[in-house]
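Here is the structure we will look at, set down as structure tokens.
Every chain is numbered from 1, with letters handed out A, B, ... down the list of sequences.
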There are 2 protein chains.
Amino acid sequence: MGKEIKRRNTKQRKAILEELKKLKTHPTSYTLFRILKRKFPKISLGTIYRNLNILKEEGKILELTGGKYGCHYDGCTEQHYHFFCIGCNNVFDLEIPVFKGLDKKVSKKGGIEVKYHRLDFYGYCQNCKKKGGDSYG
Amino acid sequence: MGKEIKRRNTKQRKAILEELKKLKTHPTSYTLFRILKRKFPKISLGTIYRNLNILKEEGKILELTGGKYGCHYDGCTEQHYHFFCIGCNNVFDLEIPVFKGLDKKVSKKGGIEVKYHRLDFYGYCQNCKKKGGDSYG
DNA sequence: TTAATTGCAAAACTTTTGCAACGCT
DNA sequence: AGCGTTGCAAAAGTTTTGCAATTAA
């Protein structure tokens, strides 16, 4: 409806999206900032945040709200589920089938309008499992 | 292991837990702060945060990391799933059966150690559905 | 050319923390 | 009495924003 903004394809925005598509360990905004600084030494956190919000709005990336601070970002927008390692704080994609039809079922049962769902698993990744044993709790 | 701390049962902590058990719309820390201020006009946000962390550590409440800012808190620690209304920002419990055994299955398949999972639904609640129609998108 | 974007700095917001006074046990 | 807890204020961490300069189209 309102004012359409004509986006430009800046080097910075391109690089952020590219990095997100490449990385398997979905980084936080700050991690992304440190990575991008290698290529753009003067890049600012403001630019990172602005572009993450734009890319999210355009549906090109996913925002994963896993921890208390700092969302993690995912360059793959196909629906899939995630595993959050509580040892190393990394986030991994899981290759388990998506529950299709679940949203509709829940909508009907609850009298609500479910748009999407998110299924997150928490625990220790292969690496942290090896290192920590069960001292982790 | 280390130093066991002997907790005291203060009025403030008791009231916070009580409020959380009572409310169906799981509040954020700040909402809780405003509610508790009615009973304790001088209560501070620091007290809210400290107690939420203690209660969480004691396993008496659940921390729901739904939005970018501000976790929501739930006074019920039985495993269950949640619905986040993207209209009014409230969070509701869902009464759908829990996927038992899912954690084990995913652990095996992924070579990881899943401790628990979280299933969140997003959309419009009964109220917001009525008000907004599909202008919400 | 021109309007979106950047880098920078400051502001806004959430959460934590140091400390003296207070209050459970 | 002893020490965990509170309220307050300041600090730390995350995210947004105003603005002049830059840059993609």
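Looking at residues two or more places apart in sequence or on another chain, you find a ring-ring contact (aromatic ring centres under 6.0 Å, His included) between A:Y30 and A:F33. Remark: A:C88 pairs with A:C85, A:N90, A:C125, A:C128 by the side chain to side chain contact (heavy atoms under 4.5 Å, CB included) rule, at least two apart or across chains. For B:K42, the salt bridge (Lys or Arg N to Asp or Glu O under 4.0 Å) criterion is met by no residue, not counting sequence neighbours. In this structure, A:F83 has no ring-ring contact (aromatic ring centres under 6.0 Å, His included) partners at least two apart in sequence or on a different chain. Partners of B:K60 under the salt bridge (Lys or Arg N to Asp or Glu O under 4.0 Å) rule, at least two apart in sequence or in another chain, are B:E58. B:R13 meets the side chain to side chain contact (heavy atoms under 4.5 Å, CB included) test with B:R7, B:T10, B:N51, B:I54, B:L55; sequence neighbours excluded.
An OP1 or OP2 oxygen of C:dT16 is reached within less than 4.0 angstrom by no side-chain nitrogen or oxygen of B:Y49. When the side-chain nitrogen and oxygen atoms of A:N9 are compared with OP1 and OP2 of C:dA4, none of them lie within a distance under 4.0 Å. For the pair A:S44 and C:dA9, the criterion of a side-chain N or O lying under 4.0 Å from OP1 or OP2 is not met. A close approach under 4.0 Å does not occur between any side-chain nitrogen or oxygen of B:T47 and OP1 or OP2 of D:dT5. Contact between the side-chain N/O atoms of B:S29 and the OP1/OP2 oxygens of C:dT15 is found at a separation under 4.0 Å. Residue A:K42 places at least one side-chain N or O closer than 4.0 Å to OP1 or OP2 of C:dC8. Within the structure, a side-chain polar atom (N or O) of B:Q12 is placed less than 4.0 Å from OP1 or OP2 of D:dG7. Between A:N53 and D:dT16, a side-chain N or O to OP1/OP2 separation shorter than 4.0 Å is present.
A cation-pi arrangement is absent between B:R118 and B:Y81 under the rule of less than 6.0 angstrom and at most 45 degrees off the ring axis.
Across the protein-nucleic acid pair, A:I5 atom CD1 and D:dA24 atom P stand 18 Å apart, rounded to whole Å. Atom-to-atom, CG of B:N51 to P of C:dT15 comes out at 15 Å; the value is rounded to the nearest Å. Here C:dC8 presents its P atom at 14 Å from CZ of A:F40, a figure rounded to the nearest Å. The NE2 atom of A:H72 sits 10 Å away from the P atom of D:dT15 (whole-angstrom rounding). As rounded to whole Å, 11 Å separates atom C1' of C:dC8 from atom NZ of A:K37. For the pair B:I43 CD1 and D:dT6 P, the computed distance is 8 Å after rounding to whole Å. Going from atom OH of B:Y30 over to atom P of C:dT16 covers 17 Å, rounded to whole Å. B:K14 has its NZ atom 15 Å from the C1' atom of D:dT6, to the nearest Å.
Sequence neighbours left out, the pairs with a member in residues 95-112 of chain B that pass side-chain hydrogen bond (donor to acceptor under 3.5 Å, both in side chains) are B:D103-B:H117.
Ring pair A:F99/B:F99: centre-to-centre distance below 6.0 Å.
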Residues B:H82, B:H26; criterion ring-ring contact (aromatic ring centres under 6.0 Å, His included); working and verdict: CA-CA 10 Å; B:H82 292 96; B:H26 314 311; 5.4 Å; yes
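Of the two residues contacting DNA chain C, namely A:R7 and B:L45, the nearest-nucleotide position lying further toward the 5' end is that of A:R7.
Of the residues in residues 15-27 of chain A, not one comes within less than 4.0 Å of DNA chain D through any heavy atom.
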What does the B/S/- profile of nucleotides 18-23 of chain D look like, 5' to 3', with a 4.0 Å heavy-atom cutoff to protein? B----B
